[in-house]
Colleague: 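Attaching a single structure in structure tokens format; questions to follow.
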2 protein chains.
Amino acid sequence: MATTRDRQLEDRELVEQWRSIQSSYFRTAGAIDRALEAKFDIGLNEFEILDLVADSEESSCRMKSLGERTPMTQSAVSKVVDRLEKAGLVSRQTCAEDRRSLFLELTEAGRAIHANAAVEHRALLKENLG
Amino acid sequence: MATTRDRQLEDRELVEQWRSIQSSYFRTAGAIDRALEAKFDIGLNEFEILDLVADSEESSCRMKSLGERTPMTQSAVSKVVDRLEKAGLVSRQTCAEDRRSLFLELTEAGRAIHANAAVEHRALLKENLG
DNA sequence: TGTCATTGAATGACGTGTCATATAGATTGA
DNA sequence: TCAATCTATATGACACGTCATTCAATGACA
């Protein structure tokens, strides 16, 4: 039978586990964010969108499907794409079959940045998670 | 010898692992945040500070040491404490030995909210991590 | 003791995320 | 075919976190 003491112990362990997830998440996200910001002038979320676009080359009307592969909100995605577009890394293409939708395409510059940033990204993941 | 293909595979796995951490972090943090917001009108960060203050009862000049036990910035902590103080859950006490420092103390209301919120918090951790 | 560096905390400007809403295009069914 | 409804994206108001800075108190050391 579970005593009060058992429950307190279990709680402590849960909280410990949570703190450790939190700190590992923040450490990793922070490291990547700072590095990308410094070297390529884009943040982590910008990179994640670039990365998604890069590896879903030429398929469905994107904005929508992007939202499904990221914890970001639809409006967050929209704004990240705004910035990427302003930075000339991505372009929105209208979609013939459904004119509400938009395709995303990497520009040359976008492809170049992504290629370099991805190396950095993977390296930092390895360093922080591996 | 590691081939290009090996490296690509390793990268994919790293990225998968990262996405899974991310989504688990966001799912858990989001669930807790929404629940605390709805039931007690405080956010996750507010709760975490309450929780830290609650379990470091009566010790060193706090603001400082709090910052060390959380991934939050010093200024973030300061602002969270602002809100907690405005909500009447916590009070800042001046510290005699070092007049730059501040103690934090839970008010009665703070203690009450914390007790209930902690139950919710642990339950949601269990549900999301367990 | 008087200067200089350091430390604990608060603050303002700013960027970015969220929620609620707006808008335009698509779909359904009478 | 026309309303009603739904769906994809954009946008504005707002909340909150960060960085840089400020301010007061402290410490160090000549």
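Letters go in sequence order (proteins before strands), and every chain restarts at 1.
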Colleague: In whole Å, what is the span from the CG atom of A:L66 to the C1' atom of D:dT7?
Modeller: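 Rounded to whole Å, this separation is 17 Å.
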Colleague: Given D:dG17, is OP1 or OP2 found less than 4.0 Å from the side-chain N or O atoms of B:N45?
Modeller: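 Checking D:dG17 against B:N45, a side-chain N or O does come within under 4.0 Å of OP1 or OP2.
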Colleague: Below 4.0 angstrom from OP1 or OP2 of D:dT18, is there any side-chain N or O of B:T73?
Modeller: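 Yes.
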Colleague: Would you mind reading off the distance between A:M63 atom CE and C:dT23 atom P, rounded to a whole angstrom?
Modeller: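 About 19 Å, once rounded to whole Å.
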Colleague: Between C:dT16 atom C1' and A:I42 atom CD1, what is the distance in whole Å?
Modeller: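 Atom-to-atom, A:I42 to C:dT16, this comes out as 15 Å.
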Colleague: Is any side-chain heavy atom of A:I113 closer than 4.5 Å to one of A:D41?
Modeller: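 Counting from C-beta outward, A:D41 and A:I113 never come under 4.5 Å.
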Colleague: Taking side chain as C-beta onward, heavy atoms only, is B:F40 less than 4.5 Å from B:H114?
Modeller: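 Of all side-chain heavy-atom pairs linking B:H114 with B:F40, none is under 4.5 Å.
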Colleague: Between B:W18 and B:E13, do the side chains contain a donor N or O and an acceptor N or O under 3.5 Å apart?
Modeller: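 No - no donor-acceptor pair under 3.5 Å links their side chains.
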Colleague: Any donor-acceptor pair under 3.5 Å joining the side chain of A:Q74 to the base of D:dA8?
Modeller: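 No, the side chain and the base share no sub-3.5 Å donor-acceptor pair.
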Colleague: Round to the nearest Å and state the distance from A:Y25 atom OH to D:dG17 atom C1'.
Modeller: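 Those two atoms, OH and C1', are 14 Å apart.
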Colleague: Check the orientation of A:F47 and A:H121. Use parallel for under 30°, tilted for 30 to 60°, and perpendicular for over 60°.
Modeller: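 Judged by the thresholds at 30° and 60°, the geometry between A:F47 and A:H121 is tilted.
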Colleague: For B:R27, is the CZ atom crowded, meaning more than 12 foreign heavy atoms sit under 6.0 Å from it?
Modeller: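 More than 12 within 6.0 Å, yes.
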Colleague: Quick one: B:D33 CG to C:dG17 P, roughly how many Å, whole number?
Modeller: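 Taking CG of B:D33 and P of C:dG17, I get 16 Å after rounding.
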Colleague: Send over the distance from B:R62 CZ to C:dA9 P, rounded to a whole Å.
Modeller: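 Nearest whole value for this atom pair: 11 Å.
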Colleague: Counting side-chain heavy atoms from C-beta on, which of C:dT11, D:dT7, C:dA10 comes nearest to B:S75?
Modeller: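 Looking only at side-chain atoms, B:S75 lies closest to C:dT11.
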Colleague: Mapping A:F26 and A:K64 onto DNA chain D by nearest heavy atom, which one lands closer to the 5' end?
Modeller: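 On the 5' side of the pair lies A:K64.
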Colleague: Answer yes or no: side-chain N or O of B:R100 and base N or O of D:dT26 forming a donor-acceptor pair under 3.5 Å.
Modeller: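 Flag unset: no donor-acceptor pair detected.
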Colleague: Taking A:D51 first and then A:R122, would you say they form a salt bridge - that is, a charged N and a carboxylate O separated by under 4.0 Å?
Modeller: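 Between A:R122 and A:D51 there is a salt bridge, with a charged N closer than 4.0 Å to a carboxylate O.
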Colleague: Quick one: on DNA chain C, does A:E37 or A:R99 contact a more 5' nucleotide (nearest heavy atom)?
Modeller: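 Of the two residues, A:E37 wins.
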Colleague: Heavy atom of residues 77-98 of chain A under 4.0 Å from DNA chain D: which residues?
Modeller: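 A:S78, A:K79, A:R92, in order of number.
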Colleague: Provide, to the nearest angstrom, the distance between the CE atom belonging to A:M72 and the P atom belonging to C:dG17.
Modeller: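 Value for this atom pair: 7 Å.
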Colleague: Could you state the atom-to-atom distance from CG of B:L102 to P of D:dC23 in whole Å?
Modeller: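 One finds 18 Å between P of D:dC23 and CG of B:L102, rounded.
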Colleague: Between B:E105 and B:R92, is the closest basic N to carboxylate O distance under 4.0 Å?
Modeller: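 No salt bridge links B:R92 with B:E105.
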